[in-house]
Structure formats: C-alpha cells, structure tokens
Amino acid sequence: MATQVFKVPDSIIKDMTYGFCPGCDHGVAIRLVAECLDELGLKENAITATSIGCSVCLYDYLDVDSVEAPHGRALAEATGIKRARPDKFVFTYQGDGDFASIGLGESTHAALRGENITAICINNTTYGMTGGQLGPTTLLGQVTTTSPTGRNVEYYGYPIRIAEHIALCEGTAYSARVSLDSVANIRKAKQAIKKAFEYQLKGLGFSFVEILSTCPTNWHMTPQKAHDRVRDDMMKVFVPGVYKDVLQKV
Amino acid sequence: MTLTATKPEGKVLIKGNYAIANAAVIAGCECYFGYPITPQSEIGEFMSGKMQELKRAYVSSESELASINMVIGACSTGAKAMTSSSSCAVSLMQEALSYATAEELPVVLVSVMRGGPGLGNIYPSQGDYNQATIGGGNGDYKLIVLAPGNVQECIDLTYKAFYLAHKYKNPTMVLADGLLGQMMEPVTFGDYPYPEVDDSAWALTGAKGRGRRVIRSYAPSADDQCVFLNKLYAKYALIEEKEVMYDEYMTEDADLIVASFGSMSRNVKSAVKIAREKGLKVGAFRPITISPFPNKRLKELSCSAKKFLVTEINMGQMVRDVRLAVNGKVPVEFYGKGVGSMIDVEDLVDKIESLIEV
Ligand SMILES: Cc1ncc(C[n+]2csc(CCOP(=O)(O)OP(=O)(O)O)c2C)c(N)n1
Ligand code: SF4
C-alpha cells in the first residue's frame with residue numbers, strides 16, 4: 001500500500017512558482033509557518049501584515065488574508081488589525097532589516113504593549129532584497145556591499161541580538177531564536193513557531209521567533225556553505241535558545 | 001479635560017478639537033491611534049477616555065509612523081479607524097498615505113495645522129494646504145481633503161470624512177487649523193447622517209469560506225500598474241464630479257471675488273459685508289473640499305468676475321489652485337501672512353478697496 005511521504009501544506013498556494021534563490025531559507029521558514037497554521041487550524045482565521053524585503057513574497061505562497069505594510073511598519077499594521085478584530089489570528093513575517101532596523105521602534109513597542117500577536121523574523125545578516133548591504137545584524141568582520149572591508153566597530157558599531165532584546169520587553173510572552181542549519185534544528189524551529197502561535201491563541205501577549213537563515217546569493221556561497229556559515233559563525237554570536245517563556249518562567 | 005456625553009442633546013458650547021473627537025465617536029469610529037502634538041492633543045486626550053469607556057480600540061502609539069500604519073491595519077479589516085495630528089508630524093505619515101491610497105483603504109486623518117516649516121510654532125497657520133492637497137508621498141495619488149471653517153463644520157465634515165473614506169475607499173483628511181481646534185462655538189451634534197458602507201467584498205476577515213484576499217500596493221508589471229492608475233484616476237474623476245463642496249457669498253454680481261478656505265474665510269465674509277455696505281461689488285468664495293478643488297465653479301465665476309483675491313495664512317498655496325482654475329482669464333492677486341492670527345477685517349477691507357479702485 002502506498003503511504004504519503006510528502007504533502008504540500010493546505011496553507012500553501014498550490015499553483016505558485018517558487019521565486020526565492022536556491023538554498024534560501026525563506027522557503028523552509030514559510031513552509032514551517034504553513035505547517036503550524038495547518039496543524040492549529042488557523043488558515044481561515046488568520047490575517048498577516050507582510051513586510052518589505054524578500055519576506056514580502058510571503059503573500060505569493062501563503063494562502064491567507066494579507067495586507068502589505070510599508071518597510072518596518074508590519075507590527076504597527078498588525079496592532080491595528082488585532083485591536084480592530086481581536087478574534088482574528090494575527091502574525092507578521094519580517095526580515096531583520098524590517099524588524100530590527102527601520103522597524104525597531106514598532107517592534108519594541110508592540111512587544112512592550114504586549115500586543116497579542118506573533119512576529120517571525122528572518123535573520124540573514126543582510127538586506128537581501130536590495131542586494132546584500134550591511135544591516136542591523138551583520139556580523140563584525142562580515143563583508144557586504146556597504147562594508148567592503150568587513151564590518152568594523154569604528155564605522156558601523158555593533159549588531160543587535162534581536163531575541164534577547166525582545167525578551168527584555170515586559171509584554172513579551174515568548175521569545176526564541178532558532179536555526180534552520182540542520183534537520184534537527186528545523187524540527188526545533190517548527191516547535192518554537194507552533195509555541196509562539198499557541199501563546200497568541202492563549203492570549204498571553206507578544207510572541208516572537210527569530211530564525212537564523214541563509215542568503216546564499218548575497219553571501220556568494222553555495223547553499224551548503226551558507227548553512228555551514230549559519231552553524232559556524234552566526235550561531236556563535238546569535239545563540240539559539242528560548243530567551244523568554246512566561247509559562248516556563250524563562 | 002471635559003468629556004461630553006457621547007451624543008449631547010441640543011446646542012452645546014465646545015472646542016473644535018473636542019467637537020472633532022466627539023463627532024468621530026458618534027460616527028462609529030472603532031479605533032483611534034495617536035501621538036501627541038499641539039494644537040490637536042485634546043483629540044487624543046478625549047479619545048483615550050471615551051474609547052476605553054465604550055470598549056473601543058485606543059492605542060497611545062510610539063510615533064506618527066506607527067499611528068498611521070495602525071490605522072491602515074485596522075482599516076484593512078473594514079473598521080472605521082482614525083488618527084489625528086499636526087504639520088511636522090503629518091509629514092511623517094506621507095509614505096503611509098501613499099500606501100493607503102494604493103491599497104484603497106478608508107483611512108481617516110485629522111490634521112490641525114500649526115506654523116512651519118520645521119518645528120515652526122504652535123500658532124494658527126494654513127501652511128499645510130499643499131501638504132494636504134498635493135502631499136509628500138510618492139507616486140500618483142490624491143487624498144480627499146475637507147476644510148471646515150467653523151466648529152459646526154468640524155463636526156459635519158468629520159462625519160462626512162468617515163462616509164467618503166469608506167464610500168470611495170480612499171484616505172480622507174479633515175484639515176483644520178490651531179484656531180479652529182482651540183476655539184469654542186455653539187454646535188449641535190445630531191446623529192451620524194450617512195448610511196453604513198458595506199465593506200464585505202474586500203475587507204480582511206480571514207479566508208473562511210472564500211479565497212484569500214491580499215491588499216497590496218505592489219504591482220508586478222508596468223502594465224498592471226498602468227491599469228491600476230487608470231482605475232484610481234477614474235475614481236478621482238467621479239469624486240470630483242459628485243463630491244465637490246463650496247460656499248459662496250454675494251458672488252452673483254461681484255467684480256472682485258475673495259477666495260479663502262478654513263478659518264480665514266470668517267474674516268473674509270465680514271470684510272465683504274463691510275465692503276458691500278460701502279457699495280463695492282465684492283463677493284466671497286470658499287472651497288469646502290480643497291481636494292477635489294472646485295475648479296468648475298471657479299471657472300464659471302471667472303466669466304463674471306473681473307478679478308480674484310486669494311487670502312491665506314501662508315505664503316500663497318491655494319492661490320496656485322485658483323490660478324489654475326481661472327486659467328489666466330482674469331487676474332488673481334494674493335494677500336497672505338505667514339503664520340499667526342487671521343488677517344484683520346479692516347486690513348482686508350483696505351485691500352479690497354485698493355483692488356476695486358484700480
Ligand atoms: C522606506 C523604505 N526604505 C528602503 C526600502 C528599500 N528596501 C526594500 S527591501 C529592503 C531591505 C530588506 O531587508 P530585510 O528586512 O533584512 O529582508 P530580506 O530582504 O533580507 O529578507 C530595503 C532597504 C523601501 N522599500 N522602503
Ligand atoms: S536575495 Fe537572499 S534572502 Fe532574498 S531570496 Fe535570495 S537568498 Fe533569499
């Protein structure tokens with residue numbers, strides 16, 4: 001008897017063309033989000049505020065109601081949605097530039113207000129869509145198109161640790177950092193996303209997952225090398241883990 | 001702070017800012033998001049108490065970038081939502097207003113002008129006529145802009161702003177100034193006079209029992225963008241055809257027509273009365289919708305009048321629209337003052353006399 005080994009989640013649009021670069025983790029992350037929406041039965045009650053960056057393509061793949069926010073303002077729009085319609089499941093899916101640079105004010109205050117929404121942030125240490133410039137999470141020493149000799153403190157200052165920052169906000173119910181560099185870590189990432197979603201369903205406050213991701217195109221690496229970099233360089237600075245969990249007293 | 005009853009009976013004496021806020025509540029505003037700035041802070045103060053009392057949504061936002069985008073989020077679900085602000089802070093909202101026109105969302109924004117440019121000061125000014133009617137957002141877009149001239153109109157036009165925003169799915173602004181915001185006048189509220197607009201065909205509610213909806217400004221191709229812009233501009237043409245409002249006073253036989261908007265029009269009317277008593281053939285014209293602008297009516301008036309005078313509390317902004325409408329047919333003079341109180345009635349009469357004698 002045949003057993004089904006692969007199924008496209010219901011929350012993924014069926015007739016789309018895949019537009020992310022080969023080896024880009026956006027695809028994996030969106031699939032995990034879709035699986036969690038499916039498993040929690042949220043697809044038909046969800047509204048998302050999309051962000052600007054490669055993450056904007058979320059609405060090309062995810063079969064849920066969406067409104068496109070200007071760069072950095074997704075959590076303000078999500079706040080408006082949730083305050084207007086508290087019974088809806090509301091989440092954002094943002095790049096690190098969107099969430100932690102131009103939108104850091106909106107992100108921090110959504111967390112401080114304890115908005116009962118979930119934010120997913122893709123940390124790929126660069127502005128992907130605009131061609132790989134230095135962003136808020138670019139590692140010290142990292143070469144980008146606007147840090148041609150590598151990020152130095154003198155000119156660029158330091159990268160931000162987003163999950164730790166959000167964990168410091170009192171309205172945050174859950175803040176975790178995960179990685180997609182291995183199958184085991186992808187499983188953990190899914191658990192974290194699901195937990196963040198469940199915390200919203202329980203009405204506990206702001207829930208947040210930072211996902212360490214690849215941008216092979218702008219890193220000028222093969223997909224495998226890019227995942228090695230996540231493990232060898234990024235995870236040393238951006239250490240995966242749960243930084244706040246109101247139910248576990250973390 | 002005085003909290004009025006939600007629907008006060010009969011005539012009440014009230015400040016412009018409170019009148020706007022209370023009218024919004026009566027209009028059924030479900031969500032208010034705002035950040036303080038003089039001279040409109042009373043609106044947010046009133047809303048903070050009233051919306052909580054009525055169990056409606058209120059957020060004291062972290063910035064005007066956030067407030068206007070919160071309004072967009074709420075509007076994407078079909079909610080009646082608003083923010084209020086002033087001058088330099090409305091500058092911060094320009095990107096979002098461009099998005100909201102492209103996403104065809106019923107955003108309501110109240111702008112109570114203060115002096116500029118930059119931080120300027122908190123004295124009354126009409127220096128944001130261009131900001132309201134032209135705007136600083138990117139691309140081809142227009143707001144609907146309603147300019148009250150007294151406190152009663154602050155109420156009537158707030159009602160109308162919610163209606164027009166939802167009817168045309170276009171951001172709509174009530175443009176007042178510090179004088180109107182701070183001034184008390186006797187008014188009546190009455191009921192919200194417009195029908196509720198059905199938004200069930202487009203609002204985001206979760207894709208239950210239907211295909212998902214995406215509200216976005218991004219157009220994948222140049223052709224798509226052109227199709228959209230043509231549709232948008234057909235909508236603007238319809239709004240101009242149906243919704244233009246203006247007020248006229250003794251224009252029928254007037255040789256000189258004095259045009260002004262908002263609170264400046266009050267002194268203009270008084271000056272026209274005095275000039276008429278002196279036997280001068282002068283009239284007053286006041287656009288109530290400054291976007292769309294009453295081009296057609298001004299063009300008609302330029303066939304009978306010999307001259308126009310435009311007065312504003314700015315360095316000459318609406319005068320440009322009057323000149324475009326009149327299109328060189330008769331001279332259009334400007335008499336303005338950068339910021340501060342309205343131009344005195346006596347000075348206006350002198351100006352009128354000097355222009356008619358010539
Ligand atoms: C206000 C504004 N500034 C700049 C841009 C240009 N822009 C588009 S995407 C982007 C960077 C996005 O980077 P990130 O959020 O890290 O997402 P990624 O593309 O890496 O997924 C920028 C700067 C814009 N669209 N709007
Ligand atoms: S540019 Fe980078 S983030 Fe964007 S799709 Fe390509 S690999 Fe992914």
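Naming: A, B, ... by sequence-line order, numbering from 1 per chain. In this text the structure is predicted, and so the values were computed from the model without any measurement.
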ask   = Got a second to check how far A:Glu44's CD is from B:Arg210's CZ, nearest 0.5 Å?
value = 9.5 Å
ask   = With a 4.5 angstrom heavy-atom cut-off, which part of B:Val71 approaches chain A: side chain, backbone, both or neither?
value = neither
message = Report which part of B:Ser63 has an atom under 4.5 Å of a heavy atom belonging to chain A: side chain, backbone, both, or neither.
response = side chain
remark   = Minimal heavy-atom distance between A:Arg83 and B:Tyr58, with the atoms involved, is NH1-O, 3.2 Å
query = Mind checking whether B:Thr77 and A:Lys88 have side chains closer than 4.5 Å, heavy atoms only?
reply = no
message = Counting heavy-atom pairs under 4.5 Å with chain B, which one of A:Ala76, A:Ala46, A:Pro70 comes out on top?
response = A:Pro70
request  = Answer whether the closest heavy-atom distance between the side chains of B:Arg212 and A:Thr48 falls below 4.5 Å.
outcome  = no
ask   = Is it the case that more than 12 heavy atoms not belonging to B:Asp224 sit under 6.0 Å from its CG atom?
value = yes
task = Could you tell me whether the side chain of B:Asn69 and the main chain of A:Glu77 form a donor-acceptor pair under 3.5 Å?
result = no
ask   = Looking at A:Thr79, A:Leu75, A:Thr50, which has the largest count of heavy-atom pairs under 4.5 Å with chain B?
value = A:Thr79
query = Around A:Glu39, counting heavy atoms of other residues, nucleotides and ligands shown, do more than 12 lie under 6.0 Å from its CD?
reply = yes
query = So which of A:Ser66, A:Ala78, A:Ala74, A:Ala49 has the biggest tally of heavy-atom pairs under 4.5 Å with chain B?
reply = A:Ser66
inquiry  = Quick check on B:Ala81 against chain A: is it the side chain, the backbone, both or neither that has a heavy atom closer than 4.5 Å?
reply    = neither
query = Looking at B:Cys31, B:Gly206, B:Ser67, which makes the most heavy-atom pairs under 4.5 Å with chain A?
reply = B:Gly206
ask   = Any chance OH of B:Tyr233 has more than 12 other-residue heavy atoms, nucleotides or ligands included, within less than 6.0 Å?
value = yes
What side-chain donor-acceptor pairs closer than 3.5 Å can you find for residues 7-22 of chain A, not counting sequence neighbours?
from    : atom 1 : to      : atom 2 : distance (Å)
A:Ser11 : OG     : A:Asp38 : OD1    : 2.5
A:Lys14 : NZ     : A:Pro9  : O      : 3.2
A:Lys14 : NZ     : A:Ile12 : O      : 2.6

inquiry  = If you compare all heavy atoms of A:Glu68 against all heavy atoms of B:Glu103, which two are closest, and at what distance to 0.1 Å?
reply    = O-OE2, 2.5 Å
query = About how many Å separate CD1 of B:Ile72 and CD1 of A:Ile81, when rounded to the nearest 0.5 Å?
reply = 10.5 Å
message = Using a 4.5 angstrom heavy-atom cutoff, name the option from B:Ser60, B:Ser61, B:Ser76 with the most pairs to chain A.
response = B:Ser76
inquiry  = Is any side-chain heavy atom of A:Arg85 closer than 4.5 Å to one of B:Glu30?
reply    = yes
key: Contact origin within B:Tyr218 toward chain A - heavy atom pairs under 4.5 Å   = both
note = When rounded to the nearest 0.5 Å, the distance separating OH of B:Tyr99 from CZ of A:Arg73 is 9.5 Å
inquiry  = Please report the interatomic distance CD1(A:Ile47) to CZ(B:Arg213), rounded to the nearest 0.5 Å.
reply    = 10.5 Å
key: Per-residue contact mode, B:Arg56 against chain A (heavy atom under 4.5 angstrom)   = neither
